[in-house]
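Nothing here was measured: the structure is a model prediction, and the numbers come from that model. Remember, it's 1-based here, ligands and their atoms both numbered in the order they're listed.
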Amino acid sequence: MSFNNIIVESVEGITTITFNRPKALNALNSELLAEFAQAVEAVANDEAVRVLVLTGAGGKAFVAGADITELAKLDTLKAKVFINRGLSVINRLTELPIPVIAAVNGFALGGGLEIAMACDFIYASEAAAFGQPEIKLGLIPGYGGTQRLPRIIGAARAKELLYTGRMIKAQEALALGIVNRVTAPEALMAQVMATAREMAGMGRVSLRATKQAVNFGLNVDLATGLRIETDAFALCMASSDAKEGTSAFLEKRKAAFKGGLLQ
Ligand code: DAK
């Protein structure tokens, strides 16, 4: 597959999608969103992919939001296509059965922050900056910003950022819990890849079950969440990975997870 606005690379089960419109700070236009959706779909259908990483080209931005030039020209019908395309790819990201890491190397604004927040977690470079500036355009976030940001940092802190459109730097994002780790810009991808490799070596079934238990559990009461975890645990026990993981421990060797259910 070849694309005009993204780069897709796979190494040892880790696929990296790089947003690649550096002249427009990787802003999301319709063509980029369509290509991104296609690439995420390919990842979803490829059993060999164990971890997905998202990042931005050009060293200045992850994604500086929706393409404002295009946004300004949308009529109602085109706006609907733009909305659906963006929302469906963001939903697809959260539903992927594998870990997804956002490697934020610069501006993650508007739709860019929303994509990053839909990933499982974010690593950022010291040069990163985050914000939901839609209010300054007379808009509000449209890809989940009013919902995910308060869930991550709390309603009051989220409202301050959403009402002012203020940009925050990586260290503040770290303190707020938006990002898991901040690195020197040149160390970002190595750190991300080290964590990706660590996760890629885990069992596919237990990774998927963990992700689903956390994601579904966040939207329900604790008792229901615990039931979701119990069912997910039972599923793992039926997998060859659980047999391999426990046997490897008892035999004092490294587990070699193959994924898949017991025959
Ligand atoms: N769109 C288009 N072009 C952009 C852009 C963007 N979002 N951000 C930057 N660029 C372009 C600039 O226009 C400039 O192009 P040239 O003038 O060189 O041709 C080039 O990238 C470099 O940018 P600057 O010269 O401005 O660079 P600076 O370092 O001075 O400033 C900046 C960087 C990131 C602070 C600044 O560019 C900026 O404020 N950019 C806009 C950020 C922004 O407001 N982002 C939020 C967009 S709104 C929806 C769902 C979601 C959304 C909408 C609808 N539905 C469900 C309906 C999402 C909305 C958004 O994301």
> Of the listed options (Ile90, Ile135, Leu109), which comes nearest to atom 34 (C) of ligand 1 when hydrogens are ignored and any heavy atom counts?
Replying inline: Leu109
> Is it the side chain, the backbone, both or neither of Ala64 that has a heavy atom closer than 4.0 Å to ligand 1?
Replying inline: both
> What about Ala66: any of its N or O atoms under 3.5 Å from an N or O on ligand 1?
Replying inline: yes
>> Can you confirm whether more than 12 heavy atoms, excluding those of Phe216, are under 6.0 Å from its CZ atom?
In response: no
Residues 131-143, side-chain donor-acceptor partners within the protein, below 3.5 Å, at least two apart:
residue : atom : partner : partner atom : Å
Gln132  : NE2  : Glu134  : OE1          : 3.2
Gln132  : NE2  : Glu134  : OE2          : 3.1
Tyr143  : OH   : Phe82   : O            : 2.9

>> Can a side-chain donor-acceptor contact be found between Asp221 and Thr224 if the only test is distance below 3.5 angstrom?
In response: yes
>> Can you report which non-hydrogen protein atom sits closest to atom 53 (C) of ligand 1, along with the distance?
In response: Leu71 CD1, 4.0 Å
> At what distance is the nearest protein heavy atom to atom 57 (C) of ligand 1, and which residue and atom is it?
Replying inline: Ile83 CG1, 3.1 Å
> Looking at Gly111, which atoms of ligand 1 are within less than 4.0 Å of one of its heavy atoms?
Replying inline: 60 (C), 61 (O)
> Are any side-chain N or O atoms of Asn5 and backbone N or O atoms of Arg21, one a donor and one an acceptor, separated by less than 3.5 Å?
Replying inline: no
> Protein heavy atom under 4.0 angstrom of atom 45 (N) of ligand 1, is there one?
Replying inline: yes
> What distance separates Ser30 OG from Leu71 CG, expressed to the nearest 0.5 Å?
Replying inline: 9.5 Å
>> Can you check which of Ile68, Leu25, Ile140 brings a heavy atom nearest to atom 41 (C) of ligand 1?
In response: Ile68
> Of all the atoms in ligand 1, which lie at a distance below 4.0 Å from a heavy atom belonging to Gly65?
Replying inline: 61 (O)
> Going by the atom numbers of ligand 1, which of them fall below 4.0 Å from some non-hydrogen atom of Lys60?
Replying inline: 27 (O), 28 (P), 29 (O)
>> Hydrogens and angles aside, do Ser10 and Thr15 bring a side-chain donor and acceptor to less than 3.5 Å of each other?
In response: yes
>> With a 4.0 Å cut-off on heavy atoms, is Ala24 in contact with ligand 1?
In response: yes
> Mind checking whether Leu32 and Ile6 have side chains closer than 4.5 Å, heavy atoms only?
Replying inline: yes
> How far is atom 49 (C) of ligand 1 from its nearest protein heavy atom, and which residue and atom name does that atom have?
Replying inline: Gly142 CA, 3.9 Å
> Applying a strict 4.0 Å limit to heavy atoms, is Glu70 in contact with ligand 1?
Replying inline: no
> In terms of side-chain geometry, is the basic nitrogen of Lys254 or Glu244 positioned less than 4.0 Å from the acidic oxygen of its partner?
Replying inline: no
>> Looking at ligand 1, would Gln132 count as a contact under a 4.0 Å heavy-atom criterion?
In response: no
>> Does this structure show an ion pair linking Glu12 with Arg197, if we count only N-O contacts that are shorter than 4.0 Å?
In response: no
> Is Glu160 salt-bridged to Arg166, going by a charged N under 4.0 Å from an acidic O?
Replying inline: yes
> Heavy-atom contacts under 4.0 Å between Pro133 and ligand 1: side chain, backbone, both, or neither?
Replying inline: side chain
> Among protein heavy atoms, which lies nearest atom 21 (O) of ligand 1, and at what distance?
Replying inline: Lys23 O, 3.3 Å
> Counting both backbone and side chain atoms, is some N or O of Leu137 under 3.5 Å from an N or O of ligand 1?
Replying inline: no
> For Phe36 and Phe3, what are the C-alpha separation, side-chain angles and deciding distance, and is it a ring-ring contact (aromatic ring centres under 6.0 Å, His included)?
Replying inline: CA-CA 9 Å; Phe36 182 40; Phe3 299 106; 10.0 Å; no
> With the threshold set at 4.0 Å, does a side-chain nitrogen-carboxylate oxygen contact exist between Asp241 and Lys258?
Replying inline: no
>> Please tell me if atom 26 (O) of ligand 1 is touched by the protein, where touching means a protein heavy-atom distance below 4.0 Å.
In response: no
> Which is closest to atom 50 (C) of ligand 1 in terms of heavy atoms, Tyr143, Phe107, Phe82?
Replying inline: Tyr143
> If we only count N/O pairs under 3.5 Å, is Met167 in contact with ligand 1?
Replying inline: no
